[in-house]
Each structure stands twice: as C-alpha cells, then as structure tokens.
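Quick notes on the structure that follows.
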Amino acid sequence: MRPWECIFSPIFREAPCRRRLSRLLKSCPRNTRRKVMQLVSVKKALDGSIPAATHVEMRGWVRTRRDSKAGISFVNVTDGSCQDPIQVVAPAALANYQTEILRLVAGCSVVVRGTLVKSQGKGQSYEVQADEIVVVGFVDDPETYPIQPKQHTLEFLREVAHLRPRTNTFGAVARVRHSAAMAVHRFFTEEGFFWVNTPIITASDAEGAGQMFRVSTLDLANLPRDDKGKIDWHQDFFGKETYLTVSGQLNVEAYCLALSKVYTFGPTFRAENSNTARHLAEFWMIEPEIAFADLNDDANLAERFLKYVFAAVLKERADDMKFFEERVQKGVTARMEKFIDSSFERLDYTEAVSILQKSGKKFDYPAEWGRDLQTEHERFLTEEHVGRPVVVMNYPEVIKAFYMRMNDDEKTVAAMDVLAPGIGEIIGGSQREERLDRLDARMTKMGLHPEHYAWYRDLRRYGSVPHAGFGLGFERLIVYICGLQNIRDAIPYPRVPGLAQF
RNA sequence: UCCCCAGUAGCUCAGUCGGUAGAGCAGGUGGCUGUUAACCACCGGGUCCGCGGUUCGAGUCCGUGCUGGGGAGCCA
C-alpha cells in the first residue's frame with residue numbers, strides 16, 4: 001500500500017472528513033508523509049505478525065483513555081478483530097491533542113497512524129506510538145452513551161442491541177458464532193455433503209413442529225372473502241396459504257435422495273408463545289440428511305459433527321474462550337474439551353425410563369414409558385447417570401413426528417435425542433419412514449392428509465432408500481460453547497414473543 | 001400460556017420502623033502519574049416504572065397495568 005492511500009477509502013468520502021484529513025496532512029512533517037503506511041487490524045498488530053517499527057494505520061473505536069501529564073495519553077482502541085484492544089500512545093505534541101484527544105471517550109471512532117512498537121508497559125505485547133489520530137466520529141453526550149468500560153448486565157445490553165456488539169462479550173459471541181458457522185460448513189464439505197438452501201416460505205401447513213407465522217400480502221383491513229364468507233386465499237400472493245418455514249427437513253429429503261449427503265443451514269421460524277431462555281421465534285437451524293443410512297449412522301454423524309465444531313472453536317477462538325472462561329462461566333473450555341474426548345453413550349428410550357425409575361431420585365414428574373422425557377430426566381441421564389453425552393434412541397411412536405420410521409416392535413420409532421451435560425437436549429433426529437404404506441398409515445393415524453404431501457410421498461414411490469437426519473438449533477450450540485445462560489444473547493437480534501425492536 | 005421474583009441517577013446497586021434520596025462507576029473541572037476498567041479532590045445529574053388507593057406523610061404498605069428476569073410446558 002502506498003503512503004496515505006487509505007485516506008481515499010469510502011469512509012472518508014464525506015466532505016468534512018476529507019477537509020479535516022487534508023488539514024491534518026498539511027500539518028504533518030514531510031518525512032512522516034513519506035513513510036510507508038500499512039493498514040492493519042488490531043489482531044495482526046498484537047499477534048506478532050507485523051514486525052516492530054512498522055508504520056501502521058489502524059481504524060477502530062475507543063474503549064478507554066488514560067491521561068498522563070508526563071505528556072501522553074493512553075487510548076485503548078478496538079476494531080473487533082480480536083478480543084484485546086491495542087494501546088495507542090498519544091503524545092501531547094499531536095496537533096489535536098488538547099482539542100480532540102483529551103475529549104476522547106468510550107465509543108469514539110478514530111483512525112490512528114503511527115509506529116508499532118514493543119510495549120514498554122505491562123499488559124500488552126505491542127502498542128502504537130501515534131504520529132496522528134484522526135477523530136472520525138465523537139460520541140454525542142458521553143454521559144448517556146450506554147456502553148461504558150464496566151460490567152453491564154446482559155439484560156440491560158439486550159435493550160441496546162444495536163450497541164452491544166461493541167462490548168467484550170458480544171464481540172466474542174459474534175466471533176465465536178462466525179467460527180462455529182464456518183466449522184459447520186467445513187465439516188460437511190470435508191465429509192462430502194452439499195449445502196441445500198431450502199425455502200423459507202412454505203405451503204406445508206402441518207409439518208408438526210409448532211405454530212407457524214403466516215406470510216401474506218393481503219390487506220388485513222380488507223380481506224377478500226369467498227361466497228361462504230371465508231378468506232379467499234386464492235387471491236393471496238402465492239394463490240394459497242403460506243407460512244415461514246419451521247424446518248427445511250422435508251424439502252432437504254428430496255435432495256438427499258439425489259445427492260446422498262446434504263444439509264441445510266438457514267433461518268427457521270416458530271410462532272410458539274414460549275418465553276424461555278432456550279427458545280427464539282427466529283433461529284438458525286442445521287439439518288443434515290444422509291441416504292442409505294439408519295439411526296446408528298445418524299447418531300455417529302451427530303457425534304463427529306459436534307466434536308468437530310467444538311474443536312474448531314477451541315482452536316480458532318482461544319482468546320474469546322478465555323474471556324468466557326473468566327467472565328461468563330468458569331469451566332466452559334474444560335466442558336468442551338471433555339465433550340470432545342468422551343464417546344457418546346447410546347441408550348434405548350425404554351432402558352432410559354427404567355434407569356430413571358430405578359434411580360431412586362425424586363423427580364417432579366416421574367418417568368413413565370410412553371411419555372416424553374422431562375428436562376430433569378434428561379439432565380439426570382447425561383450429568384449424573386452417565387456423566388458424558390448420551391444419545392437416547394427409539395422413542396414411543398405416539399410422542400414423535402409422522403415421518404419417523406416405525407421400528408419392528410410396532411411401538412417405537414427410530415428417533416434420537418442427543419443430550420449433553422450442562423444443557424440437556426442439543427440435537428433431535430430420526431431415521432425417516434421410507435416405506436410408503438407405513439408412512440401413509442402413520443399420517444392418517446395422526447390426522448394428517450397424505451394428499452397434502454404428494455411430493456413428499458413421491459420420494460417413497462421413486463427409488464426410496466433408508467435415510468436419516470437430525471436438527472440442531474445453531475444458537476443452542478452457541479449458548480453451550482460460550483457458557484451463556486440465555487439464548488437471546490447468542491443471536492445478534494433476538495426475536496421472541498413481544499420483542500422485535502431492532 | 002402458567003407459577004415465582006424484580007423495577008431507585010447514563011450503568012451497577014444501597015435505602016433500617018412509613019418521616020421529603022445515597023454510593024461506586026460514567027460525565028465535567030482541577031491535581032498527579034508509562035498508564036492498565038489508573039488514582040486523588042470538587043461539581044452537575046432523580047417522573048424512585050405508570051395509574052389508583054391507604055395515610056398527616058409512601059421509594060417503602062395495598063390494588064392494578066406495563067416491562068424485565070427465573071422456572072414449567074412446547075421444542076431446536
């Protein structure tokens with residue numbers, strides 16, 4: 001990069017910025033202006049990949065400022081590229097020292113140019129001796145700027161969702177989220193899977209996974225009616241009732257029965273009125289689907305998958321994991337390391353119920369064959385009884401979805417839940433019913449109309465094969481990795497009943 | 001949706017028996033220092049969530065609404 005080339009980047013197109021820059025440039029000594037300037041991230045400046053004495057430009061936001069009347073100020077600047085800020089040493093000789101540098105507070109945006117040097121002080125490897133600090137944006141009314149260099153509650157930060165990414169915690173969550181998402185894609189790619197983008201708008205009205213959000217362009221104040229006075233959905237955008245998807249599974253099965261190994265990774269919507277630390281109305285779901293595979297193959301895939309993603313995050317985001325360890329939940333790193341090192345226990349549902357009944361432990365709801373396992377049951381199994389991740393398999397038919405494969409006992413279906421210590425259920429999956437007659441029977445029994453699933457039934461008519469898959473809520477994975485308590489902190493802009501503010 | 005808890009300064013909180021409001025941080029001013037969420041002094045800053053009630057008097061007690069949190073159900 002040529003000297004000062006960076007000032008022509010889009011951020012400085014606004015006239016006031018350009019004028020300020022050109023004024024500052026004119027005031028710079030000639031030799032300074034000729035120095036070769038390298039635009040670097042805070043991460044690169046701190047990790048040793050840039051040699052000392054390099055002339056650098058950095059752009060970011062002020063975290064803290066400390067003044068020393070020995071003639072310098074220390075300005076900690078972060079650009080989000082890593083957990084740590086870089087310390088910028090601002091000498092009083094800077095042209096704008098009195099007028100601007102001493103007015104810097106948390107949140108101000110700055111462009112810093114200077115020399116990267118090994119730090120004289122403790123607490124950081126490198127620092128920048130500034131030749132120039134351009135204040136790009138001050139903070140209006142610093143007293144009311146919500147993000148202060150102190151501990152805020154996560155509840156408060158949810159109310160300022162547009163500013164919370166500037167905090168340590170949410171910067172770390174965002175970086176971990178990215179790292180985990182990339183690891184998901186990498187894992188599947190390395191295993192020969194293809195990413196399939198299933199539709200977000202769907203006409204399947206009974207996928208059996210909960211309340212759906214309606215999608216419509218009709219005028220709510222003036223709905224078209226048919227002769228019987230019912231809403232005439234033929235006049236709606238798609239000519240029929242449509243909703244936001246609650247799962248990409250049915251659609252991805254079609255691609256599975258052509259490309260063999262596929263997965264979805266996209267937004268999913270549930271209009272349930274559930275107000276808990278584990279539910280979102282809009283979340284990202286990962287749903288792999290494998291052909292010529294049974295429930296055991298599915299469980300094995302889930303195990304390899306989780307371990308791969310955890311290992312990737314531990315390796316790539318050690319700095320952020322250290323932060324979560326120290327400030328959010330002690331033991332998160334060890335928990336993941338243990339997870340990676342342990343083999344998953346396989347347990348039959350029937351066996352699990354029997355273990356629970358014989359445990360002698362008092363549950364609020366006693367375990368009973370034919371009823372779903374309660375959160376307290378799941379946690380007992382994975383945390384106390386086994387002490388590592390557990391896959392519970394083969395649940396009673398009556399508590400599971402229509403597409404799950406009937407077992408030979410005619411009482412259970414090939415479903416599985418992966419339970420993890422510290423969180424409970426993290427993955428739900430199943431082998432799918434590939435036999436058309438059994439699928440139809442199951443749908444009818446559950447009050448669904450096979451004719452509404454014509455295309456899904458076709459998959460069983462034309463070259464049907466055993467196949468299986470599972471679903472994983474991405475935010476639940478993030479909650480587990482980061483040691484968070486509430487899923488609303490694992491997604492940038494949480495959507496829950498009564499809240500879609502940002 | 002059900003059960004429980006909370007709401008006081010920009011933020012985190014204290015506020016005794018019902019007697020007219022406090023600290024730390026943040027902000028401003030000054031001092032000091034290669035500082036480390038610096039330190040010291042001073043200053044400014046309040047619809048005590050809203051509404052209604054009890055009382056001579058309510059941040060405090062009662063009712064109600066709103067908002068937030070925890071737990072349950074549903075689930076990923």
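Residue numbers start from 1 in every chain, and the chains themselves are labelled A, B, ... in the order their sequence lines are given, proteins ahead of strands.
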Rounded distance in Å - [atom1] ([X]) to [atom2] ([N]):
X	N	atom1	atom2	result
A:Asp140	B:G10	CG	P	17 Å
A:Asp67	B:A26	CG	P	12 Å
A:Arg270	B:C74	CZ	P	14 Å
A:Leu472	B:C75	CG	C1'	13 Å
A:Ile399	B:C75	CD1	P	9 Å
A:Lys150	B:G27	NZ	P	12 Å
A:His152	B:A9	NE2	P	14 Å
A:Tyr145	B:C25	OH	C1'	16 Å

Remember a base hit wins even if backbone is also touched, and classify [X] as base, sugar-phosphate or nothing at under 4.0 Å, heavy atoms.
X	answer
A:Glu287	nothing
A:Glu282	nothing
A:Leu280	base
A:Gly121	base
A:Arg103	nothing
A:Val105	sugar-phosphate
A:Gln151	base
A:Phe156	sugar-phosphate
A:Glu155	sugar-phosphate
A:Gln485	nothing

Can you check the distance between [N] and [M], where both ends of the measurement are the [atom1] atom (answer in whole Å)?
N	M	atom1	answer
B:C17	B:U60	C1'	10 Å
B:G59	B:U47	C1'	13 Å
B:G69	B:G52	C1'	26 Å
B:U20	B:U1	C1'	43 Å
B:G65	B:G71	P	24 Å
B:G22	B:G31	P	30 Å
B:C62	B:G24	P	32 Å
B:A14	B:A9	P	12 Å

Between A:Arg388 and A:Glu345, does at least one N-O distance fall below 4.0 Å, as a salt bridge requires? yes

Does a side-chain N-to-carboxylate-O contact under 4.0 Å join A:Glu384 and A:Arg379? no

Can a donor-acceptor pair under 3.5 Å be found between the side-chain atoms of [X] and the base atoms of [N]?
X	N	answer
A:Glu143	B:G44	yes
A:Gln129	B:G34	yes
A:Gln148	B:G10	yes

Reckon [X] has a side-chain N or O less than 4.0 Å from the OP1 or OP2 of [N]?
X	N	result
A:Arg158	B:G69	yes
A:Asn486	B:G70	yes
A:Arg66	B:C39	no
A:Thr153	B:U12	yes
A:Ser68	B:G34	yes

Residue pair A:Cys82 / A:Leu46: nearest heavy atoms and the distance that separates them: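 Heavy-atom minimum between the residues: SG-CD1, 4.4 Å.
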
Can you tell me the Watson-Crick or wobble partner of [N], both distances under 3.5 angstrom?
N	value
B:G57	none
B:G10	B:C25
B:A72	B:U1
B:G44	none
B:C17	none
B:C39	B:G31

Starting at CD of A:Glu397, measure out to CE of A:Met446 and round the result to the nearest 0.5 Å. 7.5 Å

Quick one: does A:Arg278's side chain get under 4.5 Å of A:Glu475's, heavy atoms only? no

Any heavy-atom pair between the side chains of A:Thr189 and A:Trp195 that's under 4.5 Å? no

The residue, A:Thr144 or A:Glu159, whose nearest nucleotide of RNA chain B is more 5′ is A:Thr144

Do any N or O atoms from the side chain of A:Arg317 and from the backbone of A:Ser179 form a donor-acceptor pair under 3.5 angstrom?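 Not a single qualifying donor-acceptor pair exists.
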
ring-ring contact (aromatic ring centres under 6.0 Å, His included), paired with A:Phe188, selected from A:Phe194, A:Tyr308, A:Phe305: A:Phe305

A:His178, NE2: over 12 other non-hydrogen atoms inside 6.0 angstrom: no

